[in-house]
Amino acid sequence: MTQNYITLSLETHLYFSRIMKEHALFLGAGFPCKNSEWIERADFFRQQFEELLSDVIEISNGRINCEILNSNELTTEFTVKAEERTEALEGIQINTDLTHRQQNLLCEPQSRNNRQILSLVHRINRRALQLLNGLIGFKENILREVAGGRLFTFNYPLLISHIIREAQLYRTTVENLLRNQISSYQTLWGTEEFWNRIMMEHAFFIRGLLDPSEEELIKTAQDFAMDYKKLLETAQSQDELVSRELTGKSLAETLKYRDFKEAATKGILDLDISSVILPLLTDHVLREANHYIRILQCAHTQEG
């Protein structure tokens, strides 16, 4: 149980702490200059999750599964370039060294995990929980202020709600780890319904952030959104056979969607696509698709 707790905890933070620091970056980048206090608060969380990620990387070598390193959910071939381009455009400092360090992680399991590592991981989980409580509260406050007409942001209200749900999933995962209530990947990162909704909303965001001249890409994004909407409707069925078939359909759809996101990321970095999408946002949603694919492949294999 100790080995499982350490491995699942480290892998959770390697993935989600990067996602959270980027959420904070996107929030900060979306505020007008006059909202300096909001920008500073967002940057505080960005820095805190960068520090958390750095500490997790420090003890992860040889303590994580090869599948997570091979899935391209932690980083992709585009991540460093996307970070550098976003830093140049926004003036927000991004620690690309963290990306290089993650890319250099090894997955060969160590023969023993001593009490010191267990204690470190436990403290990291507690620290992450505290940070997440603060970040979720911050995001919820933004959403309330925007809804009340007291605050403006270039981020869609749906996007803010979207990243609140992702942070809540991270928090629930950490809480369950601390209670020793997680034993496998299937119970670790939510349901197909959760991730299919995330994928659908990604398509909505991409559609809305593309330049109106990109008619073909807008149509493709809309088609993906509708495909995931159908999968969500199918998930309402209580039929066990339909439920088993849904995993295969979700996997096939997400593999196609991953290819679309990968092409879009490359197109934006190569300046071949007109949009108001931050380069790091395209890489961010690509990594989330890769993450979901790994979950689906694990579930599909076990069901088979």
Provide the full list of salt bridge (charged side-chain N to carboxylate O under 4.0 Å, His left out) pairs with a residue in residues 156-168, sequence neighbours left out, each pair given once.
-> Arg165-Glu201

Quick one: do Lys249 and Asp227 make a salt bridge, cutoff under 4.0 Å?
-> no

Ring-face cation of Lys261 near Tyr257 (centre distance under 6.0 Å, axis angle within 45°) = yes

Who pairs with Asn125 by side-chain hydrogen bond (donor to acceptor under 3.5 Å, both in side chains), at least two apart in sequence or on another chain?
-> Tyr5, Ser9, His13

Return the orientation label for the His291 and Trp195 ring planes: parallel under 30°, perpendicular over 60°, tilted otherwise.
-> perpendicular

Identify the two heavy atoms, one from Asn61 and one from Leu106, that lie closest to each other, and give their separation to 0.1 Å.
-> OD1-N, 2.7 Å

Give a yes or no on this: more than 12 heavy atoms of other residues, nucleotides or ligands lie within 6.0 Å of atom CD of Gln93.
-> no

Correct closest heavy-atom pair for Pro157 and Val146 would be CG-CG1, 4.3 Å

Starting from Phe154, walk the hydrophobic network (Ile, Leu, Val, Met, Phe, Trp, Tyr; side-chain heavy atoms closer than 4.5 Å) and list everyone else you reach, by chain and number.
-> Phe152

What about Tyr228 and His202, are their ring centers closer than 6.0 Å?
-> no

Between Phe26 and His284, ring centroids under 6.0 Å | yes

Would a distance-only check, ignoring hydrogens and angles, find a side-chain to backbone donor-acceptor pair under 3.5 Å from Tyr156 to Phe204?
-> no

Locate the shortest heavy-atom distance separating Leu69 from Gln102; write the atom from each residue and the value.
-> CD2-O, 4.4 Å

